[in-house]
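Structure, as structure tokens:
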Number of protein chains: 2
Amino acid sequence: MDTAVASIRQTSVEHILAATEPVFAKHGFEGATMAQLAAAAGLPKANLHYYFGTKEGLYRAVLEGILALWLDDAAEWIVPERHPAEGFAGYVRAKMTHSRERPDASRIFADELLRGAPHIMMYLGIELRNRVTELAAVIEGWTARGLMDAVHPVHLLFNIWAMTQTYADFDVQIRAVLGKVSIDDAEFAVATETVVALVLKGCGVRPSEGRLP
Amino acid sequence: MDTAVASIRQTSVEHILAATEPVFAKHGFEGATMAQLAAAAGLPKANLHYYFGTKEGLYRAVLEGILALWLDDAAEWIVPERHPAEGFAGYVRAKMTHSRERPDASRIFADELLRGAPHIMMYLGIELRNRVTELAAVIEGWTARGLMDAVHPVHLLFNIWAMTQTYADFDVQIRAVLGKVSIDDAEFAVATETVVALVLKGCGVRPSEGRLP
DNA sequence: GTCTATATAGCGATAGAC
DNA sequence: GTCTATCGCTATATAGAC
């Protein structure tokens, strides 16, 4: 089962998941067709049905890989041991890096939310909600220690997600308004530091002076 | 032509546009079917084809109504005559009100961007881009007059749009995380003032003291 | 496990009676 | 202007040879 040797099944499954992610990102679950998905994987449609049963089964498998990726950034940066200046800046930069390197993952998640989250309602209401409760406690702790202003921690998180993910989800609008065919590294760095500054100054985060109290 | 008497055509067109907006918001352009759209309007499919020709024709008509709505808020609030404390707060509150009252419009626009803006590329690159250039000049003027910090004006606008529209587009996530079936007025007011504070403090906007210099 | 060929259902769009 | 019936096509899914 869990040997280091990649079984044919495992290899095929991983190949199909990676190859079909851009198709779901481009067309959404409803818009993507099995013919497109199969063509992207370089396989006949029947093979996708063999491994995932239905189009929805394939989509759920793609989604689950994305959700696992999603929760990790916050757990690394929004922790009591850090000063909020470091924690928020690190978190925003990590999210922005994800928006740059895995925009398709962000778009699939955005599409799922836009449709009313028909496939991940339980994840939102239980797993994500629990994580947010933990993060909110850390942020309130920072405020209690006088390291930043009192800001509604949950709405702050919603806004950090919104700002960072807009650079993946609505990338086409950003490129059109900036008049650029693609967003280069320098422009993306400007965007990242604009968001970092908005969050740090917007929350009245005191400057980090070495160790925490 | 332009009389005050509503022609049958005009009445039907407006009815269909209003009735189908929620369907496009829920399923997107590709996901919505003519059968669903017709059912929402309480008409046979053939009637929709009679007035709009194709599904795409209907969708474009819905989109155009939304775009017209979209550009007005900024032109009212982000103007040189206002102090940025008043301008940004008013703009954010206006956008938040739109997210609360016309969430379907925001979602249709979000879906269009997520798909790569196949129907409104020209609007983004020309009309919206020109408007943004004007708004950026106003914001830079505020900075030059010492009323706020130097913030990249275009990225600031991207982030204001992201924060305000997330309350329409990703409303399902917000409700799930907050554990509420619907967002009540009090919660929405908290959200609004959280965004207002993030923008004003984040941009280092000086307090408004009566008249402008 | 792989792939061709096909079954069945639903799609956008239209013809033509009213 | 309205509506029923239906065309032609493409969708998801599967049967069955290899």
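Residue numbers begin at 1 in each chain, while the letters A, B, ... track the order of the sequences.
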Quick tally for nucleotides 5-18 of chain D: nucleotides whose base has a protein heavy atom under 4.0 Å get B, sugar-phosphate-only ones S, the rest -, giving ------SBBB----
Between CG of B:Asn47 and P of C:dA13 the distance, given in whole Å, is 15 Å
A:Ile8 has its side chain closest, among C:dC3, D:dT2, C:dT2, to C:dT2
Which residues within residues 20-29 of chain A lie with some heavy atom under 4.0 Å of an atom in DNA chain D?
-> none
Quick one: CZ on A:Arg115 to CZ on B:Arg107, what's the gap to the nearest 0.5 Å?
-> 10.0 Å
For B:Tyr51, answer base if it contacts any base atom (sugar-phosphate contacts may also be present), sugar-phosphate if it contacts only those atoms, and nothing otherwise; contact means non-hydrogen atoms under 4.0 Å.
-> sugar-phosphate
Do the rings of B:Tyr59 and B:Phe29 sit parallel, tilted or perpendicular, given the 30° and 60° boundaries?
-> tilted
Donor-acceptor side-chain pairing of B:Gln165 and B:His98 below 3.5 angstrom | no
Taking the side chain from B:Glu112 and the backbone from B:His119, do they hold a donor-acceptor pair closer than 3.5 Å?
-> yes
Should the ring pair A:Phe188 and A:Tyr167 be called parallel, tilted or perpendicular, given that the plane angle runs from 0 to 90° and is split at 30 and 60?
-> perpendicular
Just how far, in rounded Å, is C1' of D:dT2 from CZ of B:Arg9?
-> 13 Å
Residues A:Glu127 and A:Arg131 bridged, charged N to O under 4.0 Å | no
Between B:Tyr123 and B:Trp70, ring centroids under 6.0 Å | no
Okay, side chain of B:Lys55, backbone of B:Ala32: is any donor-acceptor separation there less than 3.5 Å?
-> yes
Separation of atom CG in B:Leu48 from atom P in D:dG1, rounded to whole Å | 14 Å
